[in-house]
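Step one of this worksheet: look at the structure below.
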Amino acid sequence: MPIKENLEQVKQNIARAAQKAGKRPEDIVLVMATKTVDPERIREAILAGGQIIGENKVQEALKKYEVLKNERVRWHFIGHLQTNKVKDVLKFAYMIHSVDRLSLVEKLDQRLQHEGRSLDILIQVNTSYEESKYGIAPEEAVSLVRQAAKYETLNILGLMTIGLFTRDEIKIRKCFKLLKEISDKIVKEDIHRVRMKYLSMGMSNDYQIAIEEGGNMVRVGTAIFGARNTPDAYYWPSEKTDEERQG
Ligand SMILES: *Cc1c(COP(=O)(O)O)cnc(C)c1O
């Protein structure tokens, strides 16, 4: 299916799920996950109305950014971020979804101070408790938010998670419910400068579920661009087989 039609289908599904959750379609932010997608196809998606790109690898993103930097689109970083890539990620990223440790917070703050600016971030939480997934442990998430909030170059705007890869909808929902709970807890603590504006959860297989559970930022790749040739193990730390991933 052409990208335009796929995108329209995804938007319709988002609208339906939003309605179910008592929200308006425009309350849900769609991030197009563009890992492995070449600039021409990304441009097609932008022309079809896509407004945000989410990239996983700094080097890959920089190459695409060179080609697409004049397009009217915002770049989010959604992959695991190594501290030695902080300077490069800041060349294109408008928001980082994957802040999951204090050492990264410190490095981002140093660089942002140097550049004299601030950055919108989300804290990534490992709600599936899978060893192969990055993200702070759910039990430590509130504490990391409290600590990160002290760095004035960083605007903490919410949380991000990757749901469990399984066909078992109950288990997927459990991940998303947990992220919502943590977010509610943080709201209750009323931490200075912290806003829980975004819950970034939901991918091609589970974005409708994520929206029903309170998510308002979904990261969708395959449903827009089709299946990837490169295994996700290249982007994620896991060595899992497809079968394990399917659950
Ligand atoms: C690849 C990726 C997505 C999108 O995955 P699809 O299943 O292709 O929709 C979302 N979030 C992250 C962090 C990703 O790496």
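Counting begins at 1 with the first residue of the sequence.
Looking at Lys63 and Glu66, no side-chain N of the basic residue comes within less than 4.0 Å of a carboxylate O on the acidic one, giving no salt bridge. Between Glu44 and Arg41, none of the side-chain N atoms (NZ, or NE/NH1/NH2) sits under 4.0 Å from a carboxylate O, so this pair counts as no salt bridge. With respect to Glu212 and Lys20, a salt bridge is recorded, a charged nitrogen being found less than 4.0 Å from a carboxylate O. Electrostatic pairing of Lys85 and Asp88 does not count as a salt bridge here, judged by no charged N lying under 4.0 Å from a carboxylate O.
In summary, of the residues considered (Asn155, Thr153, Val89, Leu90), a side chain to side chain contact (heavy atoms under 4.5 Å, CB included) with Leu119 occurs for Leu90 alone. Among the candidates His76, Met32, His97, the single residue satisfying the side chain to side chain contact (heavy atoms under 4.5 Å, CB included) test with Arg219 is His97.
Residues forming a salt bridge (charged side-chain N to carboxylate O under 4.0 Å, His left out) with Lys150 (at least two apart in sequence, or on another chain): none. Residues passing the salt bridge (charged side-chain N to carboxylate O under 4.0 Å, His left out) test with Glu8 are Lys4, sequence neighbours excluded. Every residue two or more places apart in sequence or in another chain that forms a salt bridge (charged side-chain N to carboxylate O under 4.0 Å, His left out) with Glu60 is listed here: Lys64. Applying the salt bridge (charged side-chain N to carboxylate O under 4.0 Å, His left out) test to Arg111 and every residue at least two apart in sequence or in another chain returns Glu115.
The list of ring pair (Phe, Tyr, Trp, His ring centres under 6.0 Å) pairs with a residue in residues 21-40, not counting sequence neighbours, is empty. Here ring pair (Phe, Tyr, Trp, His ring centres under 6.0 Å) pairs that include residues 14-71, with residues two or more places apart or in two chains, are Tyr65-Trp75.
The shortest distance between side-chain heavy atoms of Leu62 and Lys91 falls below 4.5 Å. Counting heavy atoms from C-beta outward, Lys57 and Lys35 have side chains that stay 4.5 Å or more apart. When side chains are defined from C-beta on, Ile14 counts as touching Val218, because their heavy atoms get closer than 4.5 Å.
Asp100 and Ser98 form no side-chain donor-acceptor contact under 3.5 Å, judged by distance and modelled atom types alone.
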